[in-house]
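The sequence lines fix the lettering, A, B, ..., with proteins before strands; numbering per chain opens at 1.
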Amino acid sequence: MPELPEVEVTRRGIAAPLLGARVLAARLGKPLRWPLGRPVELLAGGTVGDVVRRGKYLWLPLWHGPRAAAADDGGLLLHLGMSGSLALLREAPEPGPHDHFDLVTDRGTLRLNDPRRFGAVVWSTSMHAMPASTLLDRLGAEPFDPALTPALFHAALRRRRAAVKAVLLAGDVVVGAGNIYACEALFAAGIHPATRADRISRPRAARLLAALRGTLARALELGGSTLRDFTDAHGASGEFQLEAAVYGRAGLGCRRCGGTVRRIVQAQRSTYVCPSCQRR
DNA sequence: AGTTAAACCTGGTTGC
DNA sequence: TGCAACCAGGTTTAAC
């Protein structure tokens, strides 16, 4: 589920309330993608720092004891996988069958619900140390980073022969777009998803980057997309899916030209495309 | 080296 | 109604 907008919406819902919160206890449910990597009891006594996002990951710093000294300092790298969501609960009910991680603090319980369990909660001593760095180091640029210029974006695309949709999904050129926003950004840019990345001209690359930024920004305004599972930290659903131009609209009319939106499959994933609005 | 399948899970929807 | 097949927001890992 969660692509960059959903993860960022989640971050915005938990960062301020949890800043400086004291961890009272923590518990794990069923196994997630990877083991926590540290006895869960050792999280108690920690103080939560500023939650930051990198790609679709959240980094939740924890420090123990005096700020400068503690050898126990580190944090949690969180990922919501396909079906995860985080809730910050004032009073947490008994965990349900899909509640796989609780961080109980004096400001409420941060609870991860994830039916499919593709999500992750992993301890690391820092974002830049293993195991977090193993996951984060391979990520591409943040989409809103001004350092990601159209020229750099175009140069990166030129190094790739794969379909542009697959390159967006891979996240090693630019992070943040998953299946929904990759489809939507390509539609907004008028580029067919099957176009080889290295065949995209400089002006079209610039257009794609702008479209990606616009799409992600609009989704942020709408609280992300809720297809099934996603809710923000307060339990609210996103609304972007209601104004998606192509995603999930196979067989329906294109909102721009009235033609029929098609579903094709690329890299085992559904791609939605308007063949008349999107050209190779 | 770069691209593409397989794998990890659960549950909802579709079709026979 | 039952059951099999297919589909779903992701991404690491293994295999061409």
Length of the line joining [X]:[atom1] and [N]:[atom2], which is rounded to integer Å:
X: N179(A); N: dC7(C); atom1: CG; atom2: P; value: 13 Å
X: R249(A); N: dC7(C); atom1: CZ; atom2: C1'; value: 19 Å
X: L135(A); N: dT12(C); atom1: CG; atom2: P; value: 6 Å
X: R196(A); N: dG2(B); atom1: CZ; atom2: P; value: 14 Å
X: D172(A); N: dT4(B); atom1: CG; atom2: C1'; value: 14 Å
X: L32(A); N: dT12(C); atom1: CG; atom2: P; value: 16 Å
X: R117(A); N: dA7(B); atom1: CZ; atom2: P; value: 18 Å
X: L169(A); N: dT3(B); atom1: CG; atom2: P; value: 14 Å

Using a cut-off of less than 4.0 Å, is there contact between a side-chain N or O of [X] and OP1 or OP2 of [N]?
X: Y57(A); N: dT12(C); result: yes
X: S83(A); N: dA8(C); result: no
X: R269(A); N: dG9(C); result: yes

- Query: Between Q266(A) and T271(A), do the side chains contain an N or O donor and an N or O acceptor separated by less than 3.5 Å?
  - Reply: yes
- Item | Complement of dG9(C), any strand, by Watson-Crick or G-U distances under 3.5 angstrom | none
- Residue matched to dC9(B) through Watson-Crick or wobble contacts both under 3.5 angstrom: none
Which nucleotide in the list [options] gets nearest to the side chain of [X]?
X: Y247(A); options: dG10(C), dA8(C), dC9(B); result: dA8(C)
X: K56(A); options: dT10(B), dG10(C), dT3(B); result: dG10(C)
X: Q268(A); options: dA5(B), dT3(B), dG9(C); result: dA5(B)
X: R263(A); options: dC7(C), dT10(B), dA6(B); result: dC7(C)
X: H98(A); options: dT12(C), dC7(C), dT10(B); result: dT10(B)
X: R161(A); options: dT12(C), dA6(B), dT3(B); result: dT3(B)
X: R138(A); options: dT10(B), dT12(C), dT11(C); result: dT12(C)

- Query: So, does the side chain of R33(A) form a donor-acceptor pair with the base of dT11(C) at under 3.5 Å?
  - Reply: yes
- Could you tell me whether the side chain of R116(A) has a donor or acceptor atom within less than 3.5 Å of a complementary atom in the base of dC9(B)? yes
- Base, sugar-phosphate, or nothing: which does T226(A) touch, judged by heavy atoms less than 4.0 Å apart? base
- Query: With a centroid cutoff of 5.5 Å and a plane-angle limit of 30°, would you call F118(A) stacked on dC8(B)?
  - Reply: yes
- Going by ring centres under 5.5 Å and near-parallel planes (under 30°), is F230(A) stacked on dG9(C)? no
- Pairwise P distance for dA1(B) and dT11(C), with rounding to whole Å: 24 Å
- Under a 4.0 Å N-O cut-off, is there an ion pair linking R53(A) with E142(A)? yes
- Message: Regarding D106(A) and R22(A), does a basic nitrogen lie under 4.0 Å from an acidic carboxylate oxygen?
- Response: no
- Ring centres of F187(A) and Y272(A) under 6.0 Å apart? no
- Would you name the heavy atoms of S270(A) and C183(A) that are closest together and state the gap between them? O-SG, 4.3 Å
- Item | Residue met sooner reading DNA chain C from 5', once L139(A) and Y272(A) are mapped to nucleotides | Y272(A)
- Message: Heavy-atom count check: over 12 atoms from other residues, nucleotides or ligands less than 6.0 Å from R158(A) CZ?
- Response: no
